[in-house]
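Okay, structure first, notes after.
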Number of protein chains: 4
Amino acid sequence: MNDVKPRGRPPSTAAREKALAAAHAILMEEGFGRLTVEAVAARSGVGKATLYRNWTNACELAMAALIDGVPLAQPGGETGLKAALTAQMQALVQAFATTRGRQIAMTLAAADPESEMTRAFRNRVILSSREAGRNLIIEAARCGEVPPPADIDTLLDMVYGPVFYRILAGHQPLNAVFAERLADNAVTILTAARP
Amino acid sequence: MNDVKPRGRPPSTAAREKALAAAHAILMEEGFGRLTVEAVAARSGVGKATLYRNWTNACELAMAALIDGVPLAQPGGETGLKAALTAQMQALVQAFATTRGRQIAMTLAAADPESEMTRAFRNRVILSSREAGRNLIIEAARCGEVPPPADIDTLLDMVYGPVFYRILAGHQPLNAVFAERLADNAVTILTAARP
Amino acid sequence: MNDVKPRGRPPSTAAREKALAAAHAILMEEGFGRLTVEAVAARSGVGKATLYRNWTNACELAMAALIDGVPLAQPGGETGLKAALTAQMQALVQAFATTRGRQIAMTLAAADPESEMTRAFRNRVILSSREAGRNLIIEAARCGEVPPPADIDTLLDMVYGPVFYRILAGHQPLNAVFAERLADNAVTILTAARP
Amino acid sequence: MNDVKPRGRPPSTAAREKALAAAHAILMEEGFGRLTVEAVAARSGVGKATLYRNWTNACELAMAALIDGVPLAQPGGETGLKAALTAQMQALVQAFATTRGRQIAMTLAAADPESEMTRAFRNRVILSSREAGRNLIIEAARCGEVPPPADIDTLLDMVYGPVFYRILAGHQPLNAVFAERLADNAVTILTAARP
DNA sequence: TGCTAAGCGAGACGGTACGTCCAGTCTTTTG
DNA sequence: CAAAAGACTGGACGTACCGTCTCGCTTAGCA
């Protein structure tokens with residue numbers, strides 16, 4: 001077993017929470033560029049050393065702050081793949097068509113791609129909706145609503161990738177119509193699979 | 001007309017070129033995080049003041065350095081939309097499946113979205129391939145090869161967005177098969193338009 | 001002979017005058033620390049190259065600007081060495097108990113002591129009053145009013161040095177009483193010379 | 001009382017000492033003009049921020065470096081005001097007839113006259129010898145060696161001012177004979193007081 | 001109850017880069 | 001051909017954060 005009681009004062013969860021709250025507030029109010037370790041320390045009242053004890057740099061702290069609060073698409077009672085996918089995409093687009101969306105993209109771009117925290121952030125924030133979509137499609141295929149997809153990963157990227165593409169490039173708006181069209185086209189690809 | 005001869009010493013194109021070359025080298029050798037104005041000045045022998053006279057910050061300098069050197073998809077003599085699109089996507093994926101790809105994504109994420117330079121960078125580096133794809137599709141529709149697309153913007157985002165999605169999230173590799181599948185699915189959507 | 005007609009556009013005395021005027025204004029309004037070549041160029045409309053053609057650096061330009069305008073003690077019709085010396089010292093103290101006094105001290109301290117311009121500045125601005133005092137004393141000795149001084153240079157330094165000492169150290173004010181006491185003590189030293 | 005324990009890491013005296021030593025070395029080897037904050041940081045290994053935490057600019061740093069190391073005139077066992085004063089003046093002249101003398105004058109001229117550090121510098125470096133001289137004279141008057149001086153401040157300025165005058169203007173050398181003559185004249189003024 | 005280990009805030013430390021200012025030089029066009 | 005205009009390299013400025021390191025003070029489990 002590995003539950004040897006550690007000696008000494010235990011790490012303070014209060015400090016972690018205050019730090020995350022301050023980081024989140026700075027991200028929303030001032031943006032990723034202002035999210036410095038020093039600023040979080042000053043705003044939260046947590047010492048810099050404590051921050052470095054919990055996160056290796058400001059970027060990881062940002063990711064930790066952003067992980068909480070991304071609303072997971074609740075299943076919903078939609079009937080039919082198209083309706084369910086459309087609902088999920090609209091929720092996603094709404095969640096990312098905000099300040100937070102761009103902050104998330106910037107954070108991910110700046111993060112060390114090898115880091116453990118980056119992996120967790122990707123899975124929890126970027127790819128969780130993609131996995132939800134995968135489940136919808138697999139379920140629909142299991143029910144015989146659509147044929148089993150040939151390359152589901154590419155398909156998923158074609159549904160979820162455009163959202164981040166528009167956040168990054170900003171050439172077109174993120175809105176409900178866009179979400180619907182993405183879902184539509186996904187179903188088109190699925191059903192047009194050669195029999 | 002507004003072609004009054006400017007007085008004083010004209011800006012040195014040599015300085016600009018040296019700066020861009022140094023910036024490009026740093027980007028490729030050390031990454032976007034090391035592209036500081038100071039480093040470019042030191043490496044290029046160009047004064048910091050001259051750099052600030054030409055670009056407002058290191059990020060714009062990075063964009064300027066990245067604008068040159070992105071290979072535009074040459075038209076190619078492919079016959080048929082699917083072949084042409086596949087060829088273009090494979091070239092794009094090859095171009096971005098490198099260090100440069102991630103650097104470009106990071107640069108764009110870090111850039112001020114309102115800046116003039118950012119707009120130019122987006123158009124020249126991120127969206128130029130998208131416009132090439134648009135031309136391919138419009139031409140195919142004009143020839144009657146496919147029906148005229150209902151929402152070509154969403155369709156284009158579904159083709160080009162996934163490339164940047166994979167660069168950013170890194171959950172799946174960028175390779176030729178992926179490029180082909182994207183092109184395939186795009187044609188599927190186009191041809192499946194309601195009869 | 002050396003009067004070969006110079007070819008080309010003759011040096012502009014107007015440029016020199018504008019430069020000196022601007023330098024003087026900056027010295028009085030903003031102080032010696034703000035007297036940069038760039039500031040003089042900007043304020044006077046004279047090109048930097050022209051300034052460097054006429055003065056080797058900002059400090060020399062400052063000295064040139066300060067040379068003009070120091071009021072030479074007019075002989076005055078005072079009778080008697082003590083009265084004449086007192087009058088002269090009071091005029092001097094009045095002239096240096098201003099912004100200009102401190103600027104002059106700073107300029108001299110910052111100047112290259114070997115430079116030609118520094119020598120001229122010293123002679124015209126710092127030492128001219130000392131020479132006037134020397135003349136007063138020599139004249140008085142010639143008239144038999146006082147014995148011929150043993151070491152007139154030390155005596156002169158004891159009269160004029162304290163003025164700059166107080167400017168530099170600022171431990172005591174420069175005023176008319178001080179000027180009078182200096183003159184008194186000088187006469188005391190002169191008359192107390194052992195016969 | 002006001003002895004609240006300071007929180008946080010205490011300032012490092014080692015850093016201060018290293019900085020002062022480096023500043024002093026630069027002053028002596030390269031002169032006041034080369035005493036930049038950057039140079040002190042580079043030479044001492046102390047961070048720039050630490051320097052700015054302790055001194056507001058390079059000039060104050062220079063003054064701090066010059067304060068230490070000015071040899072205070074040791075009382076000496078001279079008998080008689082004239083001998084004592086001569087000895088003190090000769091020591092002073094010897095101390096200032098070096099590179100240091102001019103550096104000190106330049107530093108004082110360049111300093112902000114209002115600053116706390118400037119005041120300390122003046123008192124410790126410029127005026128300390130003057131106060132020593134004041135004590136000699138007061139003591140001699142107390143012993144009945146000379147009459148009590150009418151205006152001791154002016155007298156002191158006439159003794160010590162000429163030293164800085166010669167440093168600044170450089171029209172005459174600083175040497176032992178000059179020191180002796182200053183002391184002589186001072187005693188002459190003192191003893192010639194109205195009977 | 002006291003000991004001891006570890007986390008805590010605060011804040012100074014050596015650094016790196018920032019963006020600005022100015023020095024002094026060089027290269028244009030204008031008078 | 002000199003003056004003016006102004007861009008150039010170079011270097012110091014003073015600031016902001018970085019990530020590390022003492023400090024003195026909790027806050028716990030262990031003795």
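A, B, ... follow the sequence lines: proteins, then strands. Residue 1 opens every chain.
Toward the 5′ end of DNA chain F lies the nearest nucleotide of G45(C), the other residue of the pair E38(A) and G45(C) mapping further downstream. The nearest heavy atom of DNA chain E to T56(C) and to S44(A) marks one nucleotide each, and the one closer to the 5' end goes with S44(A). The residue among G47(C) and A58(A) whose nearest nucleotide of DNA chain F is located toward the 5' end is G47(C). In terms of position along DNA chain E, the nucleotide closest to V37(B) lies nearer the 5' end than the nucleotide closest to the other residue of the pair R7(B) and V37(B).
No donor-acceptor distance shorter than 3.5 angstrom exists from the side chain of R34(B) to the backbone of L27(B), with no hydrogens or angles considered. The backbone N or O of A169(D) sits less than 3.5 Å from a side-chain atom of R122(C), completing a donor-acceptor pair.
In terms of phosphate contacts, S12(A) brings no side-chain nitrogen or oxygen within less than 4.0 Å of OP1 or OP2 of dT27(F). For the OP1/OP2 pair of dG14(E) and a distance below 4.0 Å, the side-chain nitrogens and oxygens of T50(D) include at least one atom meeting the criterion.
The nearest whole Å value for the distance from the CZ atom in F32(B) to the C1' atom in dA17(E) is 14 Å. Rounded to whole angstrom, the span from the CZ atom of R53(D) across to the C1' atom of dA16(F) amounts to 12 Å. Here the C1' atom of nucleotide dG7(E) and the CZ atom of R16(A) are 13 Å apart, to the nearest Å. With rounding to whole Å, K18(C) atom NZ is found 14 Å from dA2(F) atom C1'. We find that CG of L61(A) is positioned 15 Å from P of dC17(F), with the value rounded to whole Å. dG19(F) atom P lies 15 Å from atom CG of N54(A), rounded to whole Å. R34(C) places its CZ atom 10 Å from the P atom of dC21(E), with the value rounded to the nearest Å. In this structure, L51(A) places its CG atom 8 Å from P of dG9(E), rounding to the nearest Å.
Closest to the side chain of P10(B), from the set dT28(E), dT20(F), dC22(E), is dT28(E). Relative to the side chain of R9(D), the nucleotides dG15(E), dA12(F), dA12(E) differ in distance, and dA12(E) lies closest. The nucleotide whose nearest atom lies closest to any side-chain atom of Y52(B) is, among dT4(E), dG19(E), dG14(F), dG19(E). Side-chain proximity of K48(B) to the nucleotides dG14(F), dG19(E), dC18(F) is greatest for dG19(E). Closest to the side chain of T36(B), from the set dC18(E), dC8(E), dC13(F), is dC18(E).
Counting only heavy atoms from C-beta outward, the side chains of I126(D) and I104(D) approach each other to under 4.5 Å. Residues I26(D) and V40(D) form a side-chain contact, since some pair of their non-hydrogen atoms from C-beta on lies under 4.5 Å apart.
Within 4.0 Å of A49(A), counting heavy atoms only, lies at least one base atom of the nucleic acid.
Classification of E38(C) and R43(C) as a salt-bridged pair fails, no side-chain N sitting under 4.0 Å from a carboxylate O.
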